[in-house]
Visitor: 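Quick one: the structure is below, questions incoming.
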Amino acid sequence: MNEAVRESAAAKGPATKEPATLEGGSEDETVLAVEDGVVVNASGYRDELKRQYGLLGLAGIAVTVDNAWVALGSSISVSILNGGPPGIIFGLIVALFYYTFIGLGLAEFASSVPTAGGVYHWATIAGGSKYGRFLGFVTGWINFYGWMFDLAALVQIAANISVNMYVVYHAEDYVFEQWHVYIAYLLVLWLGVALIIFANRLIPHTQNAGMFFIIVGGIVTIVVITAMPKQHASNQFVWGSFEENNLTGWQSGVAFLLGVLNGAFTIGTPDAITHMAEELPHPRRDLPVAIALQIGLGFLYAFCFAIALSYAITDISVLTLGVNTYPLVNIYEQATADAAGNVNRGATFGLLFIIWCATVLCCIGTTVTNSRIYWALARDNAVPFSKWFSSVNERLSCPVPATLFVATIATGLGAIPLGSPVAFLNLAGSFIILTTTSYAIPFAANLHSGRKYFPKGPFHLGKFGAPVNALAVVFIVMFNVFYCFPYVIPTTVESMNYNAVILAGVVTITGLWWVAHAVRHYPGPKVMTLYIHDDSSLVGIIASGKAVSTTKKGE
């Protein structure tokens, strides 16, 4: 923000009744209040990170972290069982429908209260003085676990692509070993972490590059796999082969609803960029736009890619090669082969390189998102060793301890496939259930409290707010129940869906940490004193445990 504005606002002291303004008279939306002469943002803290992202950089993170068409292609070996190409294409449309309600609700929250805590802070505010502290705590931890599992899944995809890029030119003598993927996993993860910590100023440029590979690279990929195949799949295979390709054992209706999970995994990251709120000069205005771009562009590219990819398939059996492989490479080989069936290695490698670049840059953006989530929890004493994990190296503009912690946990998660690839698949799949559960809590709490705690931002749903929130909760609950069904029936211990167990485990661990730590040592985030006004006893419930004089913008 403008430093002159910050100094002017601070000089007014804690008793000022005037809003901080930018030169020219417009309000500075990064300033919420002045506490004891210190300008604080919407989270109740002074800015510690540089506000270095404009709308383009924010859109770059949104589109790059979503990585929609790449995510669809990378998970196709699982989703293809739920009705083949028709299941994938129409499931994506259904996912767009119900994620639109989720996106609208999150955009309204972000426009009203733009903080790095995101759903963690919004659940706290929506729950009011009675329930907010507990709901926010649970929501923040569920959201963090979900994003951790997503990060591990994305780095695993990048590692698999790395190995397969090597295999393209060494297929005759290469013998696959699981540890090869893990070595690639570690390189992708930790090189990204080094960039985040020591070259933070370059991160906006990496995400712009990621957006380039997803948008331009997506167009190139779609054109190539549409134009190069000497033989295309039939219209019936692409649009009407649901029954013959339903290999789940479930009846068609249930199988289709289970398959919507792939569409959700494709576009289901609408809260990612909300955690960058404290690194934007215009978060109230730009966050809703970026959420819309993420969902809209993500769907458009994934939809076109799904159709082009389906027509390029000539042998669907290559999509059932097992867990922790990357069968998309086989479809690329089919699409680019000559009339005699000879593999075009250059074209296959080039298509994989586009996905590799997009995915590696996506991993960087997702690591940034995860570190901001954990840092926001640490600032409010919600995590072990909060004082250390809440620290920021302001010269590097990076919460270094939180970033290293996220990378260390991801390192451990990445080793799981060495012992149980199926267990890792379940963790990756739980990302959607965990994150959408963390969305449903603030939506439901906001309805329960009559939507009275959130000030109107530039994007406000008005009379449509309550039905949008309600429909989002209904769809989240309904689909999450289906996402906990076994993937196939009859099922075995190895093929069982453990998403319900993972959700229950996360909630149990969070509950135990609440009892052991939060009941006595977690006062709730500072947003409680800034937005909840129905209980005077809340004054002074901040991390320091001392009362403060707070004057909000516009009072």
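In what follows, every heavy atom counts, from backbone to side chain, and hydrogens, waters and symmetry copies are set aside. Source: prediction; values computed, not measured.
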Visitor: Got a second to check how far C362's SG is from I214's CD1, nearest 0.5 Å?
Guide: 6.5 Å

Visitor: After noting the C-alpha distance and the side-chain angles of I125 and M528, does the key distance pass the side-chain contact (heavy atoms from CB on, under 4.5 Å) rule?
Guide: CA-CA 6 Å; I125 297 168; M528 296 185 71; over 6 Å; no

Visitor: With a 4.5 Å heavy-atom cut-off, do P270 and L106 have their side chains touching?
Guide: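 Touching, per the 4.5 Å side-chain cut-off.
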
Visitor: G136 and A123: which non-hydrogen atoms are nearest, and at how many Å?
Guide: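 Where G136 meets A123 most closely, the heavy atoms are CA-CB, 4.0 Å.
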
Visitor: Rounded at 0.5 Å granularity, tell me how far CD1 in I354 sits from CH2 in W69.
Guide: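 Spacing of CD1 (I354) from CH2 (W69) equals 6.0 Å.
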
Visitor: Looking at Y301 and I215, would you say the former's side chain and the latter's main chain have a donor-acceptor pair under 3.5 Å?
Guide: yes

Visitor: Got a sec, which pairs hit side-chain hydrogen bond (donor to acceptor under 3.5 Å, both in side chains) with one end in residues 199-208, sequence neighbours left out?
Guide: Q52-N200

Visitor: Apply the test side-chain contact (heavy atoms from CB on, under 4.5 Å) to residues T274 and W122: give CA-CA distance (whole Å), side-chain angles for both, the deciding distance (0.1 Å), then the verdict.
Guide: CA-CA 11 Å; T274 66; W122 302 333; 3.8 Å; yes

Visitor: Keeping the roles fixed (side chain from R379, backbone from K387), state whether a donor-acceptor pair exists under 3.5 Å.
Guide: no

Visitor: Say you draw a straight line from OH of Y185 to CG of L154; how long is it, rounded to the nearest 0.5 Å?
Guide: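 One finds 9.5 Å between OH of Y185 and CG of L154.
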
Visitor: Check the side chains of W375 and S390 for a donor-acceptor pair under 3.5 angstrom, ignoring hydrogens and angles.
Guide: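 The criterion, which ignores hydrogens and geometry beyond distance, is not satisfied for W375 and S390.
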
Visitor: Distance from I355 atom CD1 to M165 atom CE, nearest 0.5 Å?
Guide: 10.5 Å

Visitor: Can you confirm whether Y131 is buried at OH, in the sense that more than 12 heavy atoms of other residues, nucleotides or ligands lie under 6.0 Å from that atom?
Guide: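 Open: at most 12 neighbouring heavy atoms sit under 6.0 Å from OH of Y131.
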
Visitor: Can you confirm whether C398 sits close enough to I196 that some side-chain heavy atom of one is under 4.5 Å from a side-chain heavy atom of the other?
Guide: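 Sidechains of I196 and C398: in contact.
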
Visitor: Could you pull out all donor-acceptor pairs under 3.5 Å where a side-chain atom in residues 509-517 meets a protein atom, sequence neighbours excluded?
Guide:
unit_1 : atom_1 : unit_2 : atom_2 : d
T510   : OG1    : V506   : O      : 2.8
W513   : NE1    : A382   : O      : 2.8
H517   : NE2    : N381   : O      : 2.8

Visitor: Where is the tightest heavy-atom contact between R284 and A42, given as atom of each residue plus distance?
Guide: NH2-CB, 4.4 Å

Visitor: Between N164 (side chain) and N160 (backbone), is there a donor-acceptor pair under 3.5 Å?
Guide: yes

Visitor: Could you pull out the closest heavy-atom pair between Q156 and G414, with the gap in Å?
Guide: OE1-O, 4.3 Å

Visitor: I'd like to know if the side chain of T436 and the backbone of I476 have a donor-acceptor N/O pair within less than 3.5 Å.
Guide: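 Such a contact is absent between T436 side chain and I476 backbone.
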
Visitor: Can you see which heavy atom on G268 is nearest to which on D66, and at what distance?
Guide: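 Heavy-atom minimum between the residues: N-OD1, 4.2 Å.
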
Visitor: Evaluate L151 against T367 for side-chain contact (heavy atoms from CB on, under 4.5 Å), listing each step before the verdict.
Guide: CA-CA 7 Å; L151 174 61; T367 303; 3.4 Å; yes

Visitor: Taking S111's backbone N and O only, do any of them form a donor-acceptor pair with R285's side chain (distance below 3.5 Å, no angle check)?
Guide: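 Not confirmed, R285 side chain does not pair with S111 backbone.
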
Visitor: Among residues two or more places apart or on two chains, list those pairs meeting side-chain hydrogen bond (donor to acceptor under 3.5 Å, both in side chains) that have a residue in residues 394-413.
Guide: R46-E394, W190-T411

Visitor: Is there side-chain contact between V70 and F305, with at least one heavy-atom pair below 4.5 Å?
Guide: no

Visitor: Look at the aromatic rings of F144 and W141 and report parallel, tilted or perpendicular, splitting at 30° and 60°.
Guide: perpendicular

Visitor: Which atom names give the shortest non-hydrogen contact between V188 and S162, and what distance separates them?
Guide: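 Answer, listing the atom of V188 first, then S162: CG2-OG, 4.5 Å.
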
Visitor: Quick one, H275 and V368 - any side-chain contact, counting heavy atoms below 4.5 Å?
Guide: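 They are not in side-chain contact.
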
Visitor: Hey, does the side chain of R51 reach the backbone of P281 with a donor-acceptor pair shorter than 3.5 angstrom?
Guide: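 Not at all, since once roles are kept as given, no pair shorter than 3.5 Å links the two residues.
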
Visitor: Got L135 and T124 here, is their nearest side-chain heavy-atom distance under 4.5 Å?
Guide: no

Visitor: Can you tell me if T139 uses its side chain to pair, donor with acceptor, with the backbone of Y120 under 3.5 Å?
Guide: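 Absent.
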
Visitor: Under 3.5 Å, is there a donor-acceptor pair between the side chain of W147 and the main chain of I373?
Guide: no

Visitor: How long is the straight-line distance from OG1 of T266 back to CZ of F299, given to the nearest 0.5 Å?
Guide: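 The OG1 atom of T266 is 10.5 Å from CZ of F299, to the nearest 0.5 Å.
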
Visitor: Are Y531 and F454 an aromatic pair, judged by ring center distance below 6.0 Å?
Guide: no

Visitor: For I102 and Y99, what are the C-alpha separation, side-chain angles and deciding distance, and is it a side-chain contact (heavy atoms from CB on, under 4.5 Å)?
Guide: CA-CA 5 Å; I102 294 174; Y99 262 90; 4.0 Å; yes

Visitor: Does this structure show an ion pair linking R372 with E279, if we count only N-O contacts that are shorter than 4.0 Å?
Guide: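 Answer for the salt bridge query: yes.
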
Visitor: Identify the residue among D271, T435, T437 that makes a side-chain hydrogen bond (donor to acceptor under 3.5 Å, both in side chains) with N143.
Guide: D271

Visitor: Where is the tightest heavy-atom contact between L427 and F149, given as atom of each residue plus distance?
Guide: O-CB, 3.3 Å

Visitor: Between N499 and S430, do the side chains contain a donor N or O and an acceptor N or O under 3.5 Å apart?
Guide: no

Visitor: With no hydrogens and no angle check, do the side chains of D380 and H121 hold a donor and an acceptor under 3.5 Å apart?
Guide: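 The criterion, which ignores hydrogens and geometry beyond distance, is satisfied for H121 and D380.
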
Visitor: With a 4.5 Å heavy-atom cut-off, do V289 and L55 have their side chains touching?
Guide: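 Yes, at least one pair of side-chain atoms sits under 4.5 Å.
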
Visitor: Do N446 and K452 touch side chain to side chain, with heavy atoms closer than 4.5 Å?
Guide: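 With C-beta onward as the side chain, the pair stays apart.
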
Visitor: Would the distance check show the side chain of Q294 and the main-chain N or O of I267 forming a donor-acceptor pair, the cut-off being under 3.5 Å?
Guide: yes

Visitor: Would you call E108 and K456 a salt bridge, taking side-chain N to carboxylate O under 4.0 Å as the test?
Guide: no

Visitor: Looking only at the aromatic ring of each residue, does the gap between the centers of F109 and F443 stay below 6.0 angstrom?
Guide: yes

Visitor: Quick one: CG on L352 to OG1 on T359, what's the gap to the nearest 0.5 Å?
Guide: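 So the CG of L352 and the OG1 of T359 are separated by 10.0 Å.
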
Visitor: Donor-acceptor pair, S420 side chain versus I416 backbone, under 3.5 Å?
Guide: no

